[in-house]
Colleague: 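Got a structure for you, questions after.
Note that these values count all heavy atoms, side chains included, but never hydrogens, waters or copies made by symmetry. In listed order, ligands and their atoms are each counted from 1.
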Amino acid sequence: MTTTLVLGGTGTTGRRIADHLRSAGHLVRTASRTGSDVPLDLDAPATWPMALDGITAAYLVEPAVRAGQDRLARFAEATIEAGVRRLVLLSAARAAEPTHPLHGLEQTVRGSGVGWTVLHPNWFAQNFSEGPWVRSVLDGTLALPAGDGRTPFIDADDIAAVAAAALTDDRHHGRTYELTGPEAITFREATDIISRVSGRTVEYVDVDPSEHTKRQIVNGVPPETAELLTDILVTIANGHAGAPTDHVEQALGRPARSFATYAAQAAADGRWKV
Ligand SMILES: NC(=O)c1ccc[n+]([C@@H]2O[C@H](COP(=O)([O-])OP(=O)(O)OC[C@H]3O[C@@H](n4cnc5c(N)ncnc54)[C@H](OP(=O)(O)O)[C@@H]3O)[C@@H](O)[C@H]2O)c1
């Protein structure tokens, strides 16, 4: 019998991964502080044993990326001690840089001795419908320092499909997937698409990077995280966002979903209704 632990099981990716696995008939145990199958706090190792008992594979995600934080690396080690044969880590393309907060964690997973797959997703399309930008979208103005830069937003459901495949199929071991949507679009194009499918007017407005960092901090984002996010958006503005890849297709045998398809689904699900 195999049991897959899905950390962050109520989150954007974890919830979808659990759905994919369950609908394919796999045994799943979701874990997070509240609302999952088992309660688990990454900051409280005493809560870990119940989640780890009997697991054979694990999806790992760091809910809040911060410098100097090694809680997920320690949790990854605990999953290996618990006997997992497969680890799937949600990381970031920038984690290749030694100074990135997830760099050490990636090294731990790659050197774990068990089958591993690392996912480097682009910005989630769901940021517009259930993540950090949904309030602004509903208010009609999305202000970010991304200029007219283009980026290939990825549908979180595609991330989840790839993660579920990697958690259950040895073919994905040792792979690092750069997960993107099929085309790079601007934020203005994204809000235009959302306006069209939702029937509400949503406007993209370019904002000064330091202003964006300040606004996030006021909204409770830790300064270091706020700076990291602003930095990534400025990279997009400067035209240096990653290009689309075919890694979703390599992993799943079908292309990644387009932003328009994601947006039509989100609208049909009532995500932008008040
Ligand atoms: N959004 C993007 O565009 C984007 C792009 C690339 C990478 N990422 C990365 O994606 C990751 C977030 O993944 P996600 O969007 O799937 O998650 P999410 O929607 O942010 O949800 C976080 C999950 O983690 C749980 N959690 C939070 N604190 C926890 C703790 N101390 N111990 C245990 N569980 C905890 C939450 O539940 P509880 O609060 O109940 O514990 C929830 O289930 C981050 O590392 C981010 O950098 C995001």
Colleague: side-chain hydrogen bond (donor to acceptor under 3.5 Å, both in side chains), that's the test. Do E106 and S91 meet it? Break it down for me.
Modeller: CA-CA 7 Å; E106 271 202 16; S91 184; 2.6 Å; yes
Colleague: Using distance alone, decide if ligand 1 has a nitrogen or oxygen within less than 3.5 Å of any nitrogen or oxygen in N127.
Modeller: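 There is such a contact, yes.
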Colleague: Numbering the atoms of ligand 1 from 1, which are under 4.0 Å from a heavy atom of P121?
Modeller: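 What qualifies from ligand 1 is 6 (C), 7 (C).
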Colleague: Check if E130 has a non-hydrogen atom at a distance under 4.0 Å from any atom of ligand 1.
Modeller: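 No; E130 lies far enough from ligand 1 that no heavy-atom distance drops under 4.0 Å.
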Colleague: Using every non-hydrogen atom in the two residues, find where P39 and R33 come nearest and quote the distance to one decimal.
Modeller: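 Answer, listing the atom of P39 first, then R33: CB-O, 4.1 Å.
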Colleague: Does an N or O from L42, backbone or side chain, lie closer than 3.5 Å to an N or O of ligand 1?
Modeller: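 The answer is yes, given that L42 and ligand 1 share an N or O pair closer than 3.5 Å.
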Colleague: Return the closest protein heavy atom for atom 16 (O) of ligand 1 as residue, atom name and distance.
Modeller: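 Result: T13 OG1, 2.5 Å.
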Colleague: For atom 29 (C) of ligand 1, which protein heavy atom lies nearest, and how many Å away is it?
Modeller: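 Sorting protein heavy atoms by distance from atom 29 (C) of ligand 1 puts R33 NE, 3.5 Å first.
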Colleague: If you round to the nearest 0.5 Å, how far is CD of Q250 from OH of Y177?
Modeller: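 The CD atom of Q250 is 7.0 Å from OH of Y177, to the nearest 0.5 Å.
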Colleague: Under 3.5 Å between any N/O of Y59 and any N/O of ligand 1: does that happen in this structure?
Modeller: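 No: no nitrogen or oxygen of Y59 is under 3.5 Å from one in ligand 1.
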Colleague: Under a 4.0 angstrom heavy-atom cut-off, which atoms of ligand 1 come close to W123?
Modeller: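 Once the distances to W123 are compared, the set is 3 (O).
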Colleague: Give the residue and atom name of whichever protein heavy atom lies nearest to atom 20 (O) of ligand 1, and the separation in Å to one decimal.
Modeller: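 Nearest neighbour among protein heavy atoms for atom 20 (O) of ligand 1, to 0.1 Å: P63 O, 4.8 Å.
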Colleague: Could you grab the distance from atom OG1 of T176 to atom CG of L119, nearest 0.5 Å is fine?
Modeller: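 Going from the OG1 atom of T176 to the CG atom of L119 covers 8.5 Å.
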Colleague: Under 4.0 angstrom from atom 13 (O) of ligand 1, is there any protein heavy atom?
Modeller: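 Given the 4.0 Å cut-off, atom 13 (O) of ligand 1 counts as touching protein heavy atoms.
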Colleague: Is it true that I154 lies under 4.0 Å from ligand 1, counting heavy atoms only?
Modeller: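 Outside the 4.0 Å threshold, so no.
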Colleague: Tell me the protein heavy atom at minimum distance from atom 45 (O) of ligand 1, and give that distance in Å.
Modeller: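 For atom 45 (O) of ligand 1, the nearest protein heavy atom comes out as E62 O, 2.5 Å.
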Colleague: Looking only at heavy atoms, is any part of H120 under 4.0 Å from ligand 1, and if so is it the side chain, the backbone, or both, or is it neither?
Modeller: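 None of H120 does.
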Colleague: Tell me which protein heavy atom sits closest to atom 21 (O) of ligand 1, plus the residue, atom name and distance to 0.1 Å.
Modeller: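 Its nearest protein heavy-atom neighbour is G11 CA, 3.4 Å.
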Colleague: Counting heavy atoms only, which of T10, V61, D41 is nearest atom 11 (C) of ligand 1?
Modeller: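 Looking at heavy atoms only, the winner is V61.
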Colleague: Between F124 and ligand 1, is there a nitrogen or oxygen pair with a distance under 3.5 Å?
Modeller: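 N/O-N/O distance under 3.5 Å: yes.
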Colleague: To which protein heavy atom is atom 47 (O) of ligand 1 closest, and what is the distance rounded to 0.1 Å?
Modeller: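 Protein heavy atom at minimum distance: V65 CG2, 3.7 Å.
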Colleague: Using a 4.0 Å cut-off to any heavy atom of N122, which atoms of ligand 1 qualify?
Modeller: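 The list of qualifying atoms is 5 (C), 6 (C).
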